[in-house]
Protein chains: 2
Amino acid sequence: MKQAHPLVTRDEEQELALKLFVVLSRAHSAVARITEADIARHGFSPGEFAILEALYHRGPLLLGEVQRKILVASGGVTYLVDRLVAQGLVERQDCPNDRRARFAALTPRGEALLASIFPAHAEAVERAAAGLSPEEKRKAIALLRKLGLAAAE
Amino acid sequence: MKQAHPLVTRDEEQELALKLFVVLSRAHSAVARITEADIARHGFSPGEFAILEALYHRGPLLLGEVQRKILVASGGVTYLVDRLVAQGLVERQDCPNDRRARFAALTPRGEALLASIFPAHAEAVERAAAGLSPEEKRKAIALLRKLGLAAAE
DNA sequence: CTGTTTCATTTCAGCACTAAGATTACGACC
DNA sequence: GGTCGTAATCTTAGTGCTGAAATGAAACAG
């Protein structure tokens, strides 16, 4: 299909890949450090907050959907949802069509909490990403999406 | 200084930042999943391998330098170096100028091991990054570096 | 010197999460 | 309508790492 890029040797290609991996890791960890500090202010772990955010924006989700969305191991979903249930922010609901499956959904209290803390969180994310202009953000989004989709096969 | 970008509203800016954060997280985790699977083949955790790699490419490093390079908590360096010392791959060396500080350095066995496994690891990273052309990799590297440096303050 | 502050590393307790296996339920096919 | 493969969730034991406090050493002020 696509011929190897003729002006780039294998070694240069490999060096680019290694460099890309380094800056990707460092950028992610620098940005995550900021957003996670904001999350920690409210006493949540990253995984807990990821679930709250997913349910807040998409409504009730099957636990398996939650797992795919937030990328944790199967046991992790159970663990995290249990903790949020214990805080009264999330509840499990039986799935009418499939007795194996269950929904996770925000309780009214969880809904209210997220409505109150999400705007400030979005601003923290905005500050963390403030190093790029809107054009640059758009380019970075397109490139990262392409990279991520290819790496996920 | 730089005027707010006049064609982009606050809400659009925030949405871009949130989207960027999502694709950054997903790209990182997709790529890391591939490289960590390769690392696990040799029985190392990501942190252990990061230390081996740093010492392999830069030679002996002070433990504090290792910490900054691989971005772990202070206790993490001690823990990880201890494990590598127990496997005979790394050794601690006293620092002549400062009795508080210590170097970590590869042993001959660690050096030989890395020489034997690093090429295949580099190829795994190359495959993980194969979704982008060399031009795209260069653009992504520049953008991610800018983003990462700004987020790290 | 002496005291205080700062720095490099280690110790230790604890936590967020993983991975493997168990459980229960669906679905399709004889 | 049993059987078999597969899917969704939960259980459990364990791990890789964090964060705070402790240790010991340097640096600097007075």
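Here the structure is a predicted model, which means the values were calculated and not measured. Every chain is numbered from 1 and lettered A, B, ... according to where its sequence line falls, protein lines coming before strand lines.
Annotation: the span from A/Leu20 atom CG to B/Arg138 atom CZ amounts to 12.0 Å, rounded to 0.5 Å. Rounded to the nearest 0.5 Å, atoms CG (A/Leu143) and CG (B/Leu24) are 12.0 Å apart. Between atom NE2 of residue A/His42 and atom CG of residue A/Leu52 there is a gap of 11.0 Å, rounded to the nearest 0.5 Å. One distance of note links NZ of A/Lys139 with CD1 of A/Ile141; it measures 12.5 Å at 0.5 Å rounding.
Rounded to whole Å, the distance from CG on B/Leu63 to P on D/dA25 is 16 Å. For B/Asp82 and C/dT9, the CG to C1' distance is 11 Å, given to the nearest whole Å. Summarising the geometry, the separation between CD on A/Gln67 and P on D/dA7 is reported as 13 Å, rounded to the nearest angstrom. Regarding B/Arg83, its CZ atom lies at a distance of 16 Å from the P atom of C/dT10, rounded to whole Å. For the pair B/Phe49 CZ and D/dG16 C1', the computed distance is 17 Å after rounding to whole Å. The distance between atom CZ of B/Phe44 and atom C1' of D/dT15, rounded to the nearest whole Å, is 16 Å. The CD-C1' distance, from B/Glu48 to D/dC17, rounds to 11 Å in whole Å. In this structure, A/Leu61 atom CG and D/dA8 atom P are separated by 14 Å, rounded to whole Å.
With hydrogens and angles ignored, the 3.5 Å screen pairs a side-chain donor or acceptor of B/Thr107 with a backbone N or O of B/Leu89.
For DNA chain D, the neighbouring residues in residues 88-102 of chain B, judged by any heavy atom under 4.0 Å, are B/Asp98, B/Arg99, B/Arg100.
Residue contacts for A/Ser45: at a heavy-atom cut-off of 4.0 Å it reaches the sugar-phosphate backbone alone, with no base atom in range.
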Tabulated below should be each protein N or O lying under 3.5 Å from an N or O of nucleotides 18-20 of chain C; please produce it.
| unit_1 | atom_1 | unit_2 | atom_2 | d |
| --- | --- | --- | --- | --- |
| C/dT18 | OP2 | A/Ala73 | N | 2.8 |

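Electrostatic pairing of B/Arg92 and B/Asp82 counts as a salt bridge here, judged by a charged N lying under 4.0 Å from a carboxylate O.
Scored by the ring pair (Phe, Tyr, Trp, His ring centres under 6.0 Å) test, B/Phe44 finds no partners at all (sequence neighbours excluded).
The aromatic rings of B/Phe118 and B/Tyr56 lie tilted to each other, with the angle between the two planes from 30° to 60°.
Considering every non-hydrogen atom in both B/Ala27 and A/Leu147, the closest pair reads CB-CD2, 4.5 Å.
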